[in-house]
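Structure record follows, encoded as structure tokens.
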Amino acid sequence: MTGAQAAASPAREADSATASAVKAFQADGRHAEARERYAELVARHQRRAGRIAFHYLRDSAEVDEAVQDAFVRAYSHLSTFREELPFEVWFTRILINGCLDRIKARTRRERWLVAMPESPHANTDFAERVAGSGPSPEDQLLSRERRQRLATALAKLPERQRSVFMLSHYEGCTSREVSALTGLNESTVRVHLFRAIRRLRTLLAPEAARESSGSAAGEKRRVNP
Amino acid sequence: MSILDRMTSHWASTRHLTDDVLAEIWTSAVADGRTASHPHLSACSECRYRYADFTRFLDEIKDDAYAEVDQVMSAERLAAQQTQILRRLEALERPARVIAFPKATRPAISPSRAGQRWVATAAAAGLLIGVAAGQFVDFRRAFAPAHRSAGSFVADSAPVRPGNVTPVSIIGPIDEAFIYGDTELSARSVRDSSLRALDDFTPRARDFDR
């Protein structure tokens, strides 16, 4: 077991305890207290939920809505939550299902709409666009390009491979947890993960090699003018 | 262990791992939630280096993905999202407010409608009574000028003295004959001498009777 997962276990126990408490409050009709306890769960899982939703939807407004919907849905169906599964896994499944529904709806909608040409700042607010004391414009441009390449490479993966890769690598889920989340067999999860990283390596490695060779040449030039 | 086995295992341990094997080692480690282990990795520094490079590549992907999300999901945004979630949860527990369908508002306006109905009935009854009364009472006579009060005409006409009034027939006997087609009468009464000759030429009705 990795350090991160060892640390995750007490957190999961705490989540289960909180979820059970919320369930009990709901059953007693003490809704204000239930909400208060549930807010703890929201605070703990919100960022992670946003991350997962973002990798599915890649649109900040839609991510907001998907995360909100997932938390509201989880709260209203908390009576069906069983303690055998960690709350995180149960909740993530709700979230992923919501994201997939949104993708389906978006695909249906886009069939009837003509896409507008996308501006480089389309996904950022005005406040985020104004000059600040962050990284230099060159760094921003480079990192944006790298993320763009990564997003393109990820988009080329089949749906299942992408989900398995994201959940395993980004969220640190084991194959058993990914299996519970996606409904896939554990061995299928392993196969998807293996294929996903092999494909990503093929898609991204040449560019990475080119970049590293380019930077090495630059350094050489700097050292030996 | 035989010499052949020793040689095979030595050959296997000295042969470098392919990219696919490195991916497999990484997959098993991630899937099981444990650190990567392979006999060759602990023995071969070159493969260990390549494996480290491989994991660095994947970690960079992860870091990029995290950075991208962090850029989009700022702390303020998360706080606003949390507030919104709690507001929605609160709204969820409040009993739903039923917005009345327009049909349900009918009782509210029915009294005025009933009033309108009464007005319509009264108007219809009034009309019927008026028509029935019109059959039995001659209103023209009832409201004739003779029955009007004398005072109401004082200003309109000067006082008329009955002795001065002479009935005059506007239509004379000639014109009457002309109008009613009595041409004979009309011919006899032609007084103009210039027309008498013409009149003589004109055949009469009595000439044809014979």
Side-chain angles (χ1 to χ4, degrees), chain A residues 1-2 4-6 31-32 34-36 38-39 42-43 46-47 50-51 54-55 60 63-64 67-69 71-72 75-76 123-125 128 143-144 146-147 149-151 153-154 165-166 168-170 172-178 186 189-191 193-198 200-201 204-205 208, chain B residues 17-38 49-96:
Chain A
M1 190 182 269
T2 61
Q5 274 160 349
H31 295 295
R35 274 201 311 275
E36 207 173 297
Y38 191 70
V42 172
Q46 199 181 359
R47 187 172 280 276
R51 213 161 45 221
F54 186 79
H55 291 302
S60 53
V63 166
D64 250 352
V67 170
Q68 281 182 32
D69 284 353
F71 276 115
V72 171
Y75 181 79
S76 48
N123 214 20
T124 52
D125 293 338
E128 289 167 14
S143 64
R144 198 164 53 226
R146 204 171 54 235
R147 282 172 206 162
R149 272 203 309 275
L150 173 60
L154 277 172
F165 175 75
M166 272 165 20
S168 302
H169 188 43
Y170 294 175
C173 297
T174 62
S175 56
R176 195 176 177 186
E177 287 163 352
V178 176
E186 262 189 72
V189 168
R190 280 167 186 265
V191 170
L193 182 59
F194 173 72
R195 285 182 184 166
I197 55 167
R198 207 172 55 172
L200 277 177
R201 187 104 170 121
L204 295 169
Chain B
L17 301 174
T18 61
D19 271 5
D20 281 356
V21 176
L22 291 178
E24 220 173 282
I25 294 168
W26 183 86
T27 304
S28 312
V30 168
D32 297 337
R34 57 173 173 76
T35 48
S37 64
H38 192 273
Y49 177 77
R50 280 178 57 229
Y51 183 74
D53 190 43
F54 180 77
T55 50
R56 195 167 44 247
F57 160 75
L58 289 168
D59 287 345
E60 274 172 15
I61 290 179
K62 187 178 173 176
D63 292 344
D64 273 351
Y66 273 45
E68 189 181 14
V69 176
D70 287 345
Q71 200 180 359
V72 175
M73 311 282 293
S74 61
E76 295 83 34
R77 195 167 191 148
L78 286 176
Q81 192 185 61
Q82 193 175 354
T83 312
Q84 187 64 25
I85 290 167
L86 294 177
R87 201 176 298 153
R88 280 180 69 178
L89 293 181
E90 207 177 333
L92 207 69
E93 282 150 11
R94 253 184 265 134

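Just so we're on the same page: letters track the sequence lines, and every chain starts at 1.
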Return the [atom1] to [atom2] distance between [X] and [Y], rounded to the nearest 0.5 Å.
X: A:His169; Y: B:Ile61; atom1: NE2; atom2: CD1; value: 6.0 Å
X: B:Glu24; Y: A:Arg198; atom1: CD; atom2: CZ; value: 9.5 Å
X: A:Asp64; Y: B:Gln84; atom1: CG; atom2: CD; value: 8.5 Å
X: B:Gln71; Y: A:Phe54; atom1: CD; atom2: CZ; value: 8.5 Å

| request: Quick one: which of B:Met73, B:Arg88, B:Glu60 has the most heavy-atom pairs under 4.5 Å with chain A, could you say? | output: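 Sorted descending by pairs with chain A, the first entry is B:Arg88.
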| query | Is a donor on one side and an acceptor on the other found under 3.5 Å between the side chain of A:Tyr38 and the backbone of B:Leu86? | reply |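 Not a single qualifying donor-acceptor pair exists.
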| request: Measure the acute angle between the ring planes of A:Phe165 and B:Trp26, then classify it against the limits of 30° and 60° as parallel, tilted or perpendicular. | output: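 Tilted.
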Please look at [X] and chain A and tell me whether the side chain, the backbone, both or neither of the residue comes under 4.5 angstrom of a heavy atom of that chain.
X: B:Leu58; result: both
X: B:Ala67; result: both
X: B:Glu90; result: both

| query | Does the side chain of A:Gln68 come under 3.5 Å of the side chain of B:Gln81 through a donor N or O and an acceptor N or O? | reply |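 No, B:Gln81 and A:Gln68 have no side-chain donor paired with an acceptor closer than 3.5 Å.
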| message | Apply side chain to side chain contact (heavy atoms under 4.5 Å, CB included) to residues A:Tyr75 and B:Ile85 and explain how you reach the verdict. | response | CA-CA 10 Å; A:Tyr75 181 79; B:Ile85 290 167; over 6 Å; no
| task | Flag the one option from A:Leu150, A:Val189, A:Val178, A:Leu200 with the top tally of heavy-atom pairs under 4.5 Å to chain B. | result |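 With the most close heavy-atom pairs to chain B, the winner is A:Leu150.
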| Ionic contact status for A:Arg51 with B:Asp70, cut-off 4.0 Å |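 No, this pair does not count.
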| message | Are more than 12 heavy atoms, taken from residues, nucleotides or ligands other than A:Arg195, located less than 6.0 Å from that residue's CZ atom? | response |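 No, because the 6.0 Å sphere around CZ of A:Arg195 holds 12 heavy atoms or fewer from other groups.
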Is there side-chain contact between [X] and [Y], with at least one heavy-atom pair below 4.5 Å?
X: A:Val63; Y: B:Val72; answer: no
X: B:Asp20; Y: A:Phe194; answer: yes
X: A:Arg190; Y: B:Ser28; answer: yes

| query | If you take all heavy atoms of A:Ala39 and B:Gln82, which pair is closest and at what distance? | reply |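 So the two residues come closest at O-NE2, 3.5 Å.
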| Proximal component of A:Ala34, with respect to chain B [non-hydrogen, under 4.5 Å] |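 Neither; nothing under 4.5 Å.
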